[in-house]
Peer 1: 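After the structure tokens below, expect a handful of questions from me.
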Amino acid sequence: MEVLIVQSDIRWMEPDVNLPHLDGLIQTECRLAGYRPDIIVLPEMFATGFSMESARCAGWAGEILDWMRKVAVDHDCAVAGTLAVGTVGVFHNRFSFVRPDGISHHYDKRHLFTFAGEQQAYKAGTKRVVVRWRGFDILMQTCYDLRFPVFSRNTGDYHLALYPASWVGSRIGVWDTLLRARAIENAAYVIGVNRVGSDPSGSYPGHSVAVDFKGNIMADLPQDREAVLRCSLSLEELHRFREKFPVLQDADGFVLA
């Protein structure tokens with residue numbers, strides 16, 4: 001599977017600026033360089049920034065989803081990233097996985113970042129979501145979910161976990177460490193996509209990365225600047241590793257409430 005990671009800066013609450021800018025980054029890599037991804041992964045709230053103005057952000061949801069659908073069709077791939085959705089006072093930070101065939105899947109962020117007051121602006125999701133795409137089973141997670149290993153526990157139901165994020169620089173060491181930990185403990189590929197730039201809440205250094213099932217860094221992006229990254233994932237290599245080292249079979253059983 002070919003994955004394109006887009007580590008972008010985000011203009012605060014300006015989707016009309018951010019979406020064409022993302023188009024340019026994607027077009028440069030796909031059209032000019034001739035790259036054909038299976039998935040394009042974007043940061044958390046890639047069109048607006050990680051804003052607690054949930055009602056205002058949700059007002060752009062239709063425009064943002066239309067853009068995701070167009071990119072999916074133009075490049076014959078899935079497009080993954082989060083945006084605010086909702087009406088009548090109930091809003092979610094929603095991870096949308098949009099396919100070129102018109103089918104989409106979504107996961108509403110379960111672990112809301114209380115340190116920033118996210119729980120006051122958005123409602124927590126309740127369902128863990130795994131989507132199947134081009135042979136891969138993919139766990140959808142978002143930013144702060146990374147700190148909660150029980151929720152991402154692999155019961156043999158996924159090959160790849162995606163973490164779009166807005167993770168500030170003061171805690172970036174935690175991000176680096178936990179992405180590798182989630183890959184190792186779940187014997188799965190993990191991709192973390194963090195933004196760069198700054199907003200009213202702080203500054204973001206990127207550190208977007210692809211980690212393999214052994215915890216090795218397959219590819220990473222430079223700090224503090226926009227960039228895109230190509231990454232190739234092998235389902236065959238993952239299966240061989242799991243057969244040789246059956247750690248998932250030896251795990252403790254439990255039920256997640």
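Note that these values count all heavy atoms, side chains included, but never hydrogens, waters or copies made by symmetry. In this chain, residues are counted from 1 in sequence order.
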Peer 1: Just jot down the side-chain hydrogen bond (donor to acceptor under 3.5 Å, both in side chains) partners of Asp199, sequence neighbours excluded, or say none.
Peer 2: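 Partners of Asp199 under the side-chain hydrogen bond (donor to acceptor under 3.5 Å, both in side chains) test: Tyr204.
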
Peer 1: Test your reading of the model: is there a side-chain donor-acceptor pair from Tyr158 to the backbone of Val131, 3.5 Å cut-off?
Peer 2: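 A pair under 3.5 Å: no.
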
Peer 1: On a heavy-atom basis, which atom in Glu53 and which in Ser51 lie closest, and how many Å separate them?
Peer 2: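 For Glu53 and Ser51, the tightest heavy-atom pair comes out as N-OG, 3.0 Å.
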
Peer 1: Under 3.5 Å, is there a donor-acceptor pair between the side chain of Asp145 and the main chain of Gln141?
Peer 2: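 No.
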
Peer 1: Is it true that the side chains of His207 and Asn194 contain a donor and an acceptor less than 3.5 Å apart?
Peer 2: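 Distance-only check fails for His207 and Asn194.
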
Peer 1: Scan for salt bridge (charged side-chain N to carboxylate O under 4.0 Å, His left out) pairs involving residues 149-177, sequence neighbours excluded, and state none if there are none.
Peer 2: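 Matches after skipping sequence neighbours: Arg128-Asp157.
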
Peer 1: Within the 4.5 Å heavy-atom criterion, are Met52 and Tyr122 side-chain neighbours or not?
Peer 2: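 The answer is yes, as the side chains (C-beta and beyond) meet within the 4.5 Å cut-off.
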
Peer 1: Measuring from atom CD1 of Ile138 to atom CH2 of Trp133, what distance do you get when rounded to the nearest 0.5 angstrom?
Peer 2: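 One finds 9.0 Å between CD1 of Ile138 and CH2 of Trp133.
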
Peer 1: For Leu162 and Leu139, what are the C-alpha separation, side-chain angles and deciding distance, and is it a side chain to side chain contact (heavy atoms under 4.5 Å, CB included)?
Peer 2: CA-CA 6 Å; Leu162 299 179; Leu139 177 68; over 6 Å; no

Peer 1: Find the distance between NE2 (His75) and CZ (Arg31) and round it off to the nearest 0.5 Å.
Peer 2: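 Rounded to the nearest 0.5 Å, the NE2-CZ separation comes to 5.0 Å.
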
Peer 1: Taking the side chain as every heavy atom from C-beta outward, state whether Arg99 and Met68 have any pair of such atoms under 4.5 Å apart.
Peer 2: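 When only atoms from C-beta onward are counted, Met68 and Arg99 do not touch, as no gap falls below 4.5 Å.
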
Peer 1: Can you name the nearest heavy-atom pair linking Pro164 to Phe95, along with the distance?
Peer 2: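 Between these two residues, the closest heavy atoms are CD-CE1, 3.6 Å.
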
Peer 1: Mark yes or no for whether Arg69, through its side chain, and Pro100, through its backbone, hold a donor-acceptor pair below 3.5 Å.
Peer 2: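 Side chain of Arg69 to backbone of Pro100: no pair is present.
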
Peer 1: Are His111 and Phe148 an aromatic pair by the rule of ring centers under 6.0 Å?
Peer 2: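 Aromatic pair counts; centres sit under 6.0 Å.
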
Peer 1: Any chance the rings of His159 and His239 have centres within less than 6.0 Å?
Peer 2: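 Yes - the distance between ring centres of His159 and His239 falls below the 6.0 Å cut-off.
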
Peer 1: With a 4.5 Å cut-off on side-chain heavy-atom distances among I, L, V, M, F, W and Y, is there a chain of contacts connecting Leu235 to Met218?
Peer 2: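 Leu235 clusters together with Met218.
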
Peer 1: Hey, could you give me the CG/CG distance between Asp137 and Leu160, rounded to the nearest 0.5 Å?
Peer 2: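 Rounded to the nearest 0.5 Å, the CG-CG separation comes out at 10.0 Å.
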
Peer 1: Do Val196 and Val168 sit in one hydrophobic cluster, given that two such residues count as connected whenever their side-chain heavy atoms are within less than 4.5 Å of each other, even indirectly?
Peer 2: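 No, separate clusters.
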
Peer 1: Within a strict 4.5 Å, meaning less than it, do heavy atoms of the Val211 and Tyr189 side chains meet?
Peer 2: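 No, side chains not in contact.
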
Peer 1: If only atom types and distance count, is the side chain of Thr177 paired as donor or acceptor with the main-chain N or O of Val174 below 3.5 Å?
Peer 2: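 Side chain of Thr177 to backbone of Val174: no pair is present.
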
Peer 1: Sequence neighbours excluded, which residues qualify as side chain to side chain contact (heavy atoms under 4.5 Å, CB included) partners of Phe245?
Peer 2: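 Per chain and number, Phe245 pairs via side chain to side chain contact (heavy atoms under 4.5 Å, CB included) with Phe241, Val247.
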
Peer 1: Mind checking whether Leu25 and Val71 sit in one hydrophobic cluster, side chains of I, L, V, M, F, W, Y counted as touching below 4.5 Å?
Peer 2: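 In one cluster with Leu25: Val71, yes.
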
Peer 1: With distance as the sole test, does Asn186 use its side chain to make a donor-acceptor pair with the main-chain N or O of Ala188 at under 3.5 Å?
Peer 2: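 Checking the backbone N and O of Ala188 against the side chain of Asn186, no donor-acceptor pair under 3.5 Å is found.
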
Peer 1: Backbone N or O of Ala121 within a donor-acceptor pair of the Ser54 side chain at under 3.5 Å?
Peer 2: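 Side chain of Ser54 to backbone of Ala121: a pair is present.
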
Peer 1: Counting N and O atoms only, with roles assigned by atom type, does the side chain of Gln7 sit under 3.5 Å from a partner on the main chain of Val209, one being a donor and the other an acceptor?
Peer 2: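 Not confirmed, Gln7 side chain does not pair with Val209 backbone.
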
Peer 1: So, Tyr107 side chain and Arg110 main chain: donor-acceptor pair closer than 3.5 Å or not?
Peer 2: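 Answer holds: yes.
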
Peer 1: Which atom pairs, one a donor and one an acceptor, fall under 3.5 Å between side chains of residues 33-50 and the rest of the protein, sequence neighbours left out?
Peer 2:
residue, atom, partner, partner atom, Å
Tyr35, OH, Glu2, OE1, 2.9
Tyr35, OH, Val3, N, 3.4
Tyr35, OH, Val3, O, 3.4
Asp38, OD1, Arg134, NH1, 2.8
Asp38, OD2, Glu2, N, 2.8
Glu44, OE1, Ser166, N, 3.1
Glu44, OE2, Asn93, ND2, 2.7
Glu44, OE2, Lys109, NZ, 3.0

Peer 1: Go through it in stages, so that I can follow the logic: the residues are Ser232 and Met1, the test is side chain to side chain contact (heavy atoms under 4.5 Å, CB included), and I'd like the CA-CA distance, side-chain angles, deciding distance and then a yes or no.
Peer 2: CA-CA 6 Å; Ser232 298; Met1 174 170 283; over 6 Å; no

Peer 1: Just verifying a value: how many Å separate Cys77 SG and Leu4 CG, rounded to the nearest 0.5 Å?
Peer 2: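 The CG atom of Leu4 is 8.0 Å from SG of Cys77, to the nearest 0.5 Å.
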
Peer 1: Got a donor-acceptor contact below 3.5 angstrom from the Ser8 side chain to the Ile10 backbone?
Peer 2: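 Flag not set: sc Ser8 to bb Ile10 has no pair under 3.5 Å.
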
Peer 1: Leu229 and Asp220: side chain to side chain contact (heavy atoms under 4.5 Å, CB included), yes or no, with the steps?
Peer 2: CA-CA 7 Å; Leu229 175 68; Asp220 57 0; 5.6 Å; no

Peer 1: Just wondering, do Val193 and Val6 contact through their side chains at under 4.5 Å, heavy atoms?
Peer 2: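 Not in contact.
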
Peer 1: Could you see if Val85 belongs to whatever hydrophobic cluster contains Val79? Use Ile, Leu, Val, Met, Phe, Trp, Tyr and a side-chain cutoff under 4.5 Å.
Peer 2: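 Yes, one cluster joins them.
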
Peer 1: Are Ile191 and Val129 linked, directly or through other ILVMFWY residues, by side chains that come within less than 4.5 angstrom of each other?
Peer 2: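 Yes, Ile191 connects to Val129 through the hydrophobic network.
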
Peer 1: Taking C-beta and beyond as the side chain, do Val190 and Arg180 meet within less than 4.5 Å on heavy atoms?
Peer 2: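 Side chain of Val190 against side chain of Arg180, heavy atoms only: no contact under 4.5 Å found.
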
Peer 1: For the residue pair Ile184 and Gly215, what are the closest heavy atoms and their distance?
Peer 2: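 Taking Ile184 first and Gly215 second, the nearest heavy atoms are CG1-CA, 3.5 Å.
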
Peer 1: Would you say Trp67 and Asp23 are linked by a side-chain donor-acceptor pair, where the criterion is simply a distance under 3.5 Å?
Peer 2: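 Note: Asp23 and Trp67 side chains meet the donor-acceptor criterion.
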
Peer 1: Before giving the answer on side chain to side chain contact (heavy atoms under 4.5 Å, CB included), spell out for Tyr163 and Arg182 the whole-Å C-alpha distance, their side-chain angles and the decisive distance to 0.1 Å.
Peer 2: CA-CA 11 Å; Tyr163 287 91; Arg182 297 295 87 84; 3.9 Å; yes

Peer 1: Quick check for you: to the nearest 0.5 Å, what is the distance between Trp60 atom CH2 and Asn18 atom CG?
Peer 2: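 Those atoms lie 9.5 Å apart.
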
Peer 1: Identify the heavy atoms of Ala227 and Leu221 that sit nearest to each other, and give their distance.
Peer 2: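 Result for this residue pair: CB-CD2, 3.5 Å.
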
Peer 1: Looking at Lys214 and Asp212, is any side-chain nitrogen of the basic one under 4.0 Å from a carboxylate oxygen of the acidic one?
Peer 2: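 So Asp212 does not pair with Lys214 through a salt bridge.
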
Peer 1: I'd like to check Cys143 versus Phe113 (side-chain heavy atoms, cut-off strictly below 4.5 Å). Are they in contact?
Peer 2: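 Result no, sub-4.5 Å side-chain heavy-atom pair not found.
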
Peer 1: By side chain to side chain contact (heavy atoms under 4.5 Å, CB included), which residues pair with Pro246, not counting sequence neighbours?
Peer 2: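 If we apply the side chain to side chain contact (heavy atoms under 4.5 Å, CB included) test to Pro246, skipping adjacent residues, the hits are Gln249.
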
Peer 1: Nearest 0.5 Å, what's the NE2-OG1 distance between His106 and Thr82?
Peer 2: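 Answer for the NE2-OG1 pair, His106 versus Thr82, is 13.0 Å.
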
Peer 1: Ala210 and Ile5: which non-hydrogen atoms are nearest, and at how many Å?
Peer 2: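 Taking every non-hydrogen atom into account, CB-CD1, 4.4 Å.
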
Peer 1: For residues 221-239, which residue pairs pass the salt bridge (charged side-chain N to carboxylate O under 4.0 Å, His left out) check, not counting sequence neighbours?
Peer 2: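 Non-adjacent pairs meeting salt bridge (charged side-chain N to carboxylate O under 4.0 Å, His left out): Glu29-Arg230.
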
Peer 1: Would you mind reporting whether Gln120 and Thr114 have side-chain heavy atoms less than 4.5 Å apart?
Peer 2: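 Counting from C-beta outward, Thr114 and Gln120 never come under 4.5 Å.
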
Peer 1: Taking the side chain as C-beta and beyond, is there a heavy-atom pair between Leu65 and Leu83 under 4.5 Å?
Peer 2: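 In contact.
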
